[in-house]
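Note on naming: letters A, B, ... go to the chains in the order of the sequence lines (proteins, then strands), and numbering restarts at 1 for each one. As a basis for the values below, the full set of heavy atoms in this structure was taken, side chains included, without hydrogen atoms, waters or symmetry mates. Since we're looking at a predicted model, the values are computed, not measured.
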There are 2 protein chains.
Amino acid sequence: MSYLDIAEVARHSGLPASTLRFYEERRLIKSVGRRGLRRLFDASVLRQLALIALARAGGFALDEIAGMFAPDGRARIDRGQMRAKADELDRTIRRLKAMQAGLRHVAACPAPSHLECPQFVRMMRLAGAGRLKPPVESAKTGSKGKRRRR
Amino acid sequence: MSYLDIAEVARHSGLPASTLRFYEERRLIKSVGRRGLRRLFDASVLRQLALIALARAGGFALDEIAGMFAPDGRARIDRGQMRAKADELDRTIRRLKAMQAGLRHVAACPAPSHLECPQFVRMMRLAGAGRLKPPVESAKTGSKGKRRRR
DNA sequence: TTGCCACTTCAAGTGAACTTGAGGTCAAGC
DNA sequence: GCTTGACCTCAAGTTCACTTGAAGTGGCAA
């Protein structure tokens, strides 16, 4: 009775329907049936999508996340993997804090070039001590970055 | 005298030469000259690469980072932008902390399905309260994820 | 019964950040 | 003087996570 069609799931989750179809194809979620052509989802898919969002935020790739769900849709989670990710996240958070301090410094410090401000350089050294690849970017918080010259 | 060729910069920075060329093309760094065909970099490029890594970690796109360097290679930074990023980072850190708590919980909680553990669900709600897109993934910390069926 | 249109599939496209490959060059060592 | 091989350029390929577009379908209101 409490089945949701894709539009409702989209509305509740904030994800576009195309993404939901994509997630289903990648076996991150599954629909429980059809009404005609249309997918029907159990309401529990919303919690599952929340878990997926959480995992994505934690740095798991979609394939890894797919591996976390047993065929019945229940979470089947490798505790060691979780701990490892948590530790990694810990390091990431530390670096991000350093980065943040760096940014706030730059926003305040009047030095002409921050590369020459010893305080900034020190912070950078702290932040950079352990490399880090890609960024966390909040949903659609500005920074369109669309151009690509040449 | 203290000019570095690309291999030395690669060695010191940990970045492949291809990435350094790519960064130069994208105007994130520049070489100070050539010896024959070969690029020569000033040693200061290493600090600049550290700054770039920092900015990447902070969620800046390469184009944004390129915009932070004045033509002379000095940092030219928009303080408002910095503050905005710092605030964003703050939210990100908060979410990552929630995520981390969730992970540690999952690693410890004996519940059969975490989707049914009220504590976990509560944490998820906290963590997910404000969407978040892509992950922070540490350098090459395992998780090869290479396959792609179909 | 008809027609709308939100859904469907499948293939292809996008953007970010690189990586790879083919073919070329040149400083240095033999 | 020749060879070697690490560098060079430029184009194309790759991965991830989606998005877009064309063409089709079927439940439901009129």
| said: Any base atoms under 4.0 Å from A:Thr19, or only sugar-phosphate, or nothing? Heavy atoms, all strands. | reply: sugar-phosphate
| Tell me, do B:Leu49 and B:Tyr23 make a side-chain contact under 4.5 Å, heavy atoms counted? | yes
| message | Between P on D:dC16 and CD1 on A:Ile65, what's the gap in Å once rounded to a whole number? | response | 13 Å
| query | Would you say a side-chain N or O of A:Arg38 is under 4.0 Å from OP1 or OP2 of D:dG26? | reply | no
| query | Toward the 5' end of DNA chain C, which comes first, B:Leu62 or A:Ala17, by nearest nucleotide? | reply | A:Ala17
| field | Gap between atoms CD1 and C1', on B:Ile52 and C:dA17 respectively (whole Å) | value | 13 Å
| query | Roughly, in whole Å, what's the span from CD in A:Glu8 to C1' in C:dA6? | reply | 13 Å
| query | Is a side-chain donor or acceptor of B:Gln100 paired with a backbone partner of A:Leu89 at a separation under 3.5 angstrom? | reply | no
| said: If I take atom CG in residue B:Asp5 and atom P in nucleotide D:dC7, what distance separates them, rounded to the nearest angstrom? | reply: 6 Å
| Side-chain N or O of A:Arg34 less than 4.0 angstrom from OP1 or OP2 on C:dT9? | yes
| Separation of B:Leu15 atom CG from C:dA17 atom C1', in whole Å? | 12 Å
| said: Can you tell me if A:Arg56 touches the phosphate of D:dA17, counting only side-chain N or O atoms and a distance under 4.0 Å to OP1 or OP2? | reply: yes
| query | What is the distance from CZ of B:Arg21 to P of D:dC7, rounded to the nearest Å? | reply | 8 Å
| request: Check whether any side-chain N or O of B:Asp5 sits under 3.5 Å from a backbone N or O of B:Glu8 as a donor-acceptor pair, and report yes or no. | output: yes
| said: Strictly below 4.0 Å: does A:Ser18 bring a side-chain N or O up to OP1 or OP2 of D:dC18? | reply: no
| If only side-chain N and O atoms of B:Tyr23 are considered, is one of them under 4.0 Å from the OP1 or OP2 phosphate oxygen of C:dA17? | no
| Any donor and acceptor pair, going by atom type alone, linking the side chain of A:Arg35 with main-chain N or O of A:Arg38 inside 3.5 Å? | no
| query | Between A:Glu24 and A:Lys30, is the closest basic N to carboxylate O distance under 4.0 Å? | reply | no
| If you look at every strand shown and take non-hydrogen atoms under 4.0 Å, does A:Ala7 touch a base, only sugar-phosphate, or nothing? | sugar-phosphate
| To the nearest 10 degrees, what angle separates the axes at the start and end of the helix from C:dT1-D:dA30 to C:dC30-D:dG1, five pairs each? | 10°
| said: Counting C-beta onward and ignoring hydrogens, is there a side-chain heavy-atom pair between B:Leu46 and B:Leu4 closer than 4.5 Å? | reply: yes
| request: Using whole Å, report how far CG of A:Leu28 lies from P of D:dC16. | output: 13 Å
| query | Taking all atoms of both residues into account, what is the closest heavy-atom pair of A:Ala10 and A:Pro16, and its distance? | reply | CB-C, 4.5 Å
| query | For the side chain of B:Ile6, counting heavy atoms from C-beta on, which of D:dC8, C:dC7, C:dA17 is nearest? | reply | D:dC8
| query | Should the pair A:Arg104-B:Asp87 be classified as a salt bridge under the 4.0 Å nitrogen-to-oxygen rule? | reply | yes
| Which nucleotide, C:dT8, D:dT19, D:dC7, lies nearest any side-chain atom of A:Leu37? | C:dT8
| request: Check the distance between C:dA17's C1' and B:Leu20's CG and give it to me in whole angstrom. | output: 14 Å
| message | Students often get this wrong, so: under 4.0 angstrom with heavy atoms, is A:Arg39 touching a base, only sugar-phosphate, or nothing? | response | sugar-phosphate
